[in-house]
Amino acid sequence: MKQTKIRVDRYFTVGKTDDRLFGSFIEHLGRAVYEGIYDPGNPLSDARGFRQDVLQLVRKLQVPVIRYPGGNFVSGYRWEDGVGPKEQRPVRAELAWHALETNQFGLNEFMDWAKAAGSQVMMAVNMGTRGLEDARNLLEYCNFEKGTYYSDLRRMHGYEQPHNIRLWCIGNEMDGDWQIGHKTAAEYGRAAEETIRVMKMLDPHIEAVVCGSSGLTEPEFGRWEQAVLDECYEQADYLSLHQYYGNWDGDSGEFLASAAGMDEFIRSVVSICDCVKAKKRSRKTLYLSFDEWNVWYHSRMEKKEIPWWTKAPHQLEDVYNLEDALVAGTMLITLLRHADRVKIACLAQLVNVIAPIMTSARGVWCQTIFYPYLHASLYGRGTVLTTLQEGPSYESRTYGAVPYLDSVVVWNEEKEEITVFAVNRDMEEPMEVACDLRQFEGYQVIEQLQMAGEDLKAENTEKNPECVAPQQVRNAVWKDGILYAVFAKQSWNVIRLKK
Ligand code: AHR
């Protein structure tokens, strides 16, 4: 059997996780909002139209922050369409996804929904068809207490107290030519700088996320970050990264290696931020917001014709399988390993659209990717330890040598808990693991979870919702400060220890 050694030292730490590392995303896209979180008239919804079964699962995930309302959608959005009396709200042709937007759900409904979910909101402003003026008005509507046009408009709409939204995305994927109002890096950087400056004049407590590249392989990657930050480094608080992976050519070994690309992406963006910092002789360190990450390719491969201008079309409804969950697990491990610089991350998305949670009119079920996300959110908060590994690797065409085992160790000092997260990418054999925890006395294994199976393509559906789900296993033993365990082939693993 192959073997991997993991070494950690309580004094060698990456850093503390920011809770917002376990965020997610709801866009006005497909059935994420309508028939997803908002389904008036359905017996599973409350009087406000909020699906209670969905809310229960979102609460279970303990999602700290949710990005809204887009995504590509935001670049053509008029937020005023979605506030005030519902019968007066216009129906619009939504150009990003070619759907009909009824605006029956908007900003205030989302704030109420997020409150019910126990989540903070990360609000995106439209930098495509709009810009500074609109961003300022929206911020005034959301955060200004009273006595001005937009704050009083909010109060007229029934929201006496300001929403106090702290985190703001200054547009979405402005580097992409698919984006409504797409810009060059210099144009966007300048507009972002002005917009944040004005927004901070109105509310100096906000934090701003500026658009980085929509992927490591985007043609402008690197040049884009550099040029944007040249314009707005001092105003911005975070730079965003987006990345989706897929098993496009049916090569599972290659697909399972994908997070090596995410790692390279993060390291490169950190270098660019620090290069601009040095050029500007700035004292400020810029942090990263990985505000769209996931597997997304099943629905793209289908090439199903989605009729234009329908309400809540079935779009981007990827059905996830075991290998997708393993890739999601390695992406979470990668984010944790970079907790010193990545402060915010959003699994894109949350409900029905490339999502861990799916709905029908009859109920909800969890996709395979739900589980690594749940485990990371519940047990991944704390101090990430510098996790050194010694073990076998395999050769990936794209990323070179990739270790079969991907792992990270998180120590929650207050709760006196340690969690080992690991994915065994080996599709042939289990992996014997020895994790040196000698500096942590008095801990014992309280839980060992594993998600594995013979069939990498096994998936959860409404009819068979628990085909792929974590199981309790009991092979981990703690002996003289070393944790020994066997991780099944192609598996997601969580070992929890407590003092
Ligand atoms: O999450 C789906 C889409 O992916 C988003 O709208 C966009 O930002 C990205 O390209």
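Note that this is a predicted model, so its numbers are computed, not measured. All heavy atoms count here, side chains included; hydrogens, waters and symmetry mates do not. Atoms within each ligand, like the ligands themselves, are counted from 1 in listed order.
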For this session: Using the ring pair (Phe, Tyr, Trp, His ring centres under 6.0 Å) rule, pick out the option among Tyr68, Trp79, Phe110 that qualifies with His28.
Result: Tyr68
Problem set entry | Heavy atoms of other groups near Glu305 CD, more than 12 under 6.0 Å | no
For this session: Go through the side-chain N and O atoms of Trp97 and Glu27 and say whether any donor and acceptor fall under 3.5 Å apart.
Result: yes
Seminar exercise, completed: Under 4.0 Å from ligand 1, residues with heavy atoms, in chain and number order, are Phe25, Glu27, Gly71, Asn72, Trp97, Asn172, Glu173, Tyr244, Glu292, Trp296, Gln349, Ile354
For this session: Give me the one residue out of Lys200, Lys343, Arg166 that meets salt bridge (Lys or Arg N to Asp or Glu O under 4.0 Å) with Asp237.
Result: Lys200
Exercise. Just by distance, do the side chain of Asn126 and the backbone of Gly131 share a donor-acceptor pair under 3.5 Å?
Worked result: no
Exercise. In terms of ring plane angle, is the pair Phe221 and Phe265 parallel, tilted or perpendicular, where the classes change at 30° and 60°?
Worked result: perpendicular
